[in-house]
Amino acid sequence: MAVHVGALPWVPPFAQGNVRDLRVRWALEEAGIAYVERLVSVDDQKSAAYRALQPFGQVPTFEQGDMRLFESGAIVLHIAEQSEMLLPADAVARERAKTWMFAALSSIEPYLMHLAQIDLFSAGEEWAKLRRPGAIADIQKRFGELAKWLDGRNYLEDEFTAGDLLMATVLRIPRHTTLVEDEPVLAQYKKRCEARPAFKRALDAQLATFAKHEPKAAR
Ligand SMILES: N[C@@H](CCC(=O)N[C@@H](CS)C(=O)NCC(=O)O)C(=O)O
């Protein structure tokens with residue numbers, strides 16, 4: 001049964017390569033599962049039919065027959081359950097990988113999204129100027145701790161897993177800063193994950209869609 005992935009036709013350049021369907025595309029590429037894009041327009045996002053699939057009107061979504069999912073983490077987990085490329089067979093290693101999936105999404109991503117809110121969506125606002133130093137300090141603390149864990153390791157656990165897939169995509173969020181580069185262990189780790197052919201195919205596919213649907217006004 002065909003897999004459909006909900007994605008946006010176009011986003012402004014600052015968001016390209018970071019829209020969360022990238023995670024789903026990457027997981028599917030790692031698992032060797034073919035998929036078809038389902039492009040979601042602004043009108044679709046507001047429609048009752050789409051809200052039944054994604055209550056917040058966002059992407060990504062995943063549809064395969066009766067299996068209709070939203071939330072990138074839940075979708076990646078569903079795909080990972082089908083492939084040892086993403087979740088090892090060993091029971092302990094498998095649960096450790098899932099632990100890192102949650103860590104990426106709940107212990108690292110919120111800090112980075114807070115900074116994105118400050119820098120990209122509220123730039124120039126007074127509260128954002130006041131909050132920024134604290135937000136940076138919080139990220140530096142988390143990044144230092146993550147770098148300490150990764151020091152001397154190629155991946156979060158023995159092998160690449162869905163935990164690394166999510167962590168690497170999360171580390172792409174502050175690309176308008178040097179926060180990742182300031183921690184060389186993190187920068188090398190991110191680069192190692194992004195060097196995977198499956199990541200490159202996923203990124204190319206997302207960017208190709210944006211190129212195809214670029215509005216005339218943005219050219
Ligand atoms: N927690 C959700 C977040 C989804 C999300 O923020 N999607 C963004 C793109 S990365 C979106 O659809 N933005 C368009 C909008 O909110 O209208 C997930 O991980 O799937």
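As a basis for the values below, the full set of heavy atoms in this structure was taken, side chains included, without hydrogen atoms, waters or symmetry mates. What you see is a predicted model; the values in this text were computed from it and never measured. First listed ligand is number 1; within each ligand, the first listed atom is number 1. Residue numbers start at 1 and run along the sequence shown.
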Aromatic centroids of Phe210 and Trp10 separated by under 6.0 Å: no
Nearest neighbour in protein (non-hydrogen) for atom 1 (N) of ligand 1: Glu71 OE1, 2.7 Å
Those atoms of ligand 1 less than 4.0 Å from some heavy atom in Ser72: 18 (C), 19 (O), 20 (O)
In a table with atom names and distances, give each donor-acceptor pair under 3.5 Å that connects a side chain of residues 85-93 to protein atoms at least two apart or in another chain.
{"unit_1": "Asp90", "atom_1": "OD2", "unit_2": "Val92", "atom_2": "N", "d": "3.2"}
{"unit_1": "Asp90", "atom_1": "OD2", "unit_2": "Ala93", "atom_2": "N", "d": "2.9"}

Proximal ligand 1 atoms for Pro60, defined as those under 4.0 Å from one of its heavy atoms: 20 (O)
Closest protein heavy atom to atom 13 (N) of ligand 1, given as residue, atom name and distance to 0.1 Å: Gln58 NE2, 4.0 Å
Partners meeting side-chain contact (heavy atoms from CB on, under 4.5 Å) with Leu39 (sequence neighbours left out): Ala7, Pro9, Glu37, Thr209, His213
Close aromatic pair by centroid cut-off 6.0 Å: His78 and Phe62: yes
Any donor-acceptor N or O pair under 3.5 Å, side chains Ser41, Asp44: yes
Lys190/Glu194 salt bridge by N-O under 4.0 Å criterion: yes
Nearest-neighbour protein heavy atom for atom 10 (S) of ligand 1, which is reported as residue plus atom name and distance: Arg20 NH1, 3.1 Å
Nearest protein heavy atom with distance in Å, relative to atom 7 (N) of ligand 1: Val59 O, 2.9 Å
Nearest neighbour of atom 15 (C) of ligand 1 from the list Glu109, Met113, Gln45, Gln54, on a heavy-atom basis: Gln45
Ligand-residue contact atoms, ligand 1 with Val19, heavy atoms, under 4.0 Å: 9 (C), 10 (S)
